[in-house]
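Single-structure report; data block below.
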Amino acid sequence: AKGKMLAFCSWLSLVLLSFYFVVPLSVFADKTVTIPAGTIVSLITLDDLNAKKVKMGDRVLLKVASDVKVKGMVVIKAGGMASGEVSSAKKQDMVGVNANIGITLRTVDAVDGTVISLYGVKYTEGDSKTGQSVILSLICCVLFLLKKGEDANITAGTLIEGVVAGNFDIIVTDVEFDLDTTSGTD
């Protein structure tokens, strides 16, 4: 009877130890998660952009403003890198023509390094002075036609909302579950 008891205790110890070591590992194993098309990604510009200094096609670096979560798992980490490009850049001109600058979002990096395609645009323009320039030149002096419109700027720290442009499967490791169901896509 003593031998059976010892065998049973050994078996029970083995079962309990396997639960202790195996269950946590399976909970924290790599998981494949799909970032669905349409997921919002908040981005922040890193540099000041001025219509005088940039040209169309210039690369724009951005960072992720806040974690993006799917089913409670972080799939795009705050502080991660994203990129876009200058899609319009027009300097201010005479006759009061204003400047403009536009950024088109391109990609963001997921937690596993997958490059995620984005779409989204940020566009700004200076105030036009064309009407003012023409009226003043007619009333006073032709030299008012030399008056330029306002410059256009996108300052560092400007928030731009990007949208994931398709479904992307990524691998999430060291899963951190968040019980806050109000953020991210579920």
Side-chain angles (χ1 to χ4, degrees), residues 9-51 53-89 100-124 152-186:
C9 287
S10 296
W11 176 82
L12 184 60
S13 297
L14 184 63
V15 169
L16 291 175
L17 282 174
S18 68
F19 274 110
Y20 179 76
F21 287 108
V22 175
V23 172
L25 291 177
S26 66
V27 169
F28 294 108
D30 293 352
K31 301 204 183 295
T32 300
V33 178
T34 300
I35 302 174
T39 300
I40 303 296
V41 182
S42 296
L43 304 168
I44 299 172
T45 56
L46 295 178
D47 300 308
D48 290 329
L49 303 170
N50 179 284
K53 297 177 183 174
V54 298
K55 61 185 182 307
M56 285 182 53
D58 283 354
R59 185 173 177 185
V60 177
L61 294 177
L62 306 109
K63 71 176 179 178
V64 179
S66 58
D67 287 347
V68 176
K69 298 174 185 175
V70 174
K71 296 182 181 174
M73 293 175 276
V74 175
V75 293
I76 300 173
K77 190 93 176 135
M81 296 306 295
S83 70
E85 71 179 42
V86 175
S87 53
S88 84
N100 68 55
I101 186 170
I103 300 172
T104 299
L105 300 177
R106 294 289 178 224
T107 63
V108 66
D109 296 334
V111 293
D112 69 347
T114 301
V115 178
I116 307 296
S117 297
L118 297 174
Y119 61 88
V121 175
K122 174 68 175 174
Y123 179 84
T124 189
N153 297 294
I154 296 176
T155 58
T158 299
L159 184 66
I160 304 174
E161 295 287 312
V163 179
V164 174
N167 293 330
F168 289 87
D169 290 333
I170 66 157
I171 297 171
V172 178
T173 56
D174 297 324
V175 179
E176 294 179 29
F177 288 95
D178 183 5
L179 300 178
D180 177 12
T181 57
T182 60
S183 63
T185 305
D186 288 321

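The figures here come from the full heavy-atom set of this structure, side chains too, leaving out hydrogens, waters and symmetry mates. Please read all numbers here as calculations on a predicted model, not as lab measurements. FYI, the numbering just counts along the sequence from 1.
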**Study point:** Set of side-chain contact (heavy atoms from CB on, under 4.5 Å) partners for D47, sequence neighbours left out
**Key:** none
Study note, to complete from the structure: Sequence neighbours excluded, the answer for side-chain contact (heavy atoms from CB on, under 4.5 Å) partners of S87 is T104
When [X] is tested against each of [options] for side chain to side chain contact (heavy atoms under 4.5 Å, CB included), which residue passes?
X	options	value
I103	I160, V121, T158	I160
V111	V33, I76, V68, I170	I170
V60	L49, V54, L105	L49

Looking at [X] and [Y], what are the two nearest heavy atoms and their distance?
X	Y	value
F168	V115	CE2-O, 3.9 Å
V163	G38	CG1-CA, 3.5 Å
Y123	S88	CE1-OG, 3.5 Å
A65	A78	O-CB, 4.1 Å
I40	E161	CG2-OE1, 2.7 Å
M56	A89	CG-N, 3.9 Å

Check your understanding: Got a sec, which residues hit side-chain hydrogen bond (donor to acceptor under 3.5 Å, both in side chains) with S117, two or more places apart in sequence or on another chain?
Key -> none
Review point. Backbone N or O of G157 within a donor-acceptor pair of the T45 side chain at under 3.5 Å?
Key: yes
Exercise for review: Verify, without hydrogens or angle tests, whether D48 (side chain) and A156 (backbone) share a donor-acceptor contact under 3.5 angstrom.
Suggested key: yes
Point to revise | Nearest-0.5 Å distance that lies between atom CD1 in I116 and atom CG in D109 | key: 8.5 Å
Less than 4.5 Å apart, any side-chain heavy atom of [X] and any of [Y]?
X	Y	answer
K69	V75	no
V172	V74	no
I154	K122	yes
L118	V164	yes
L46	K63	yes

**Study point:** Candidate list D169, N167, T39, test side-chain hydrogen bond (donor to acceptor under 3.5 Å, both in side chains), partner T34, passing option
**Key:** D169
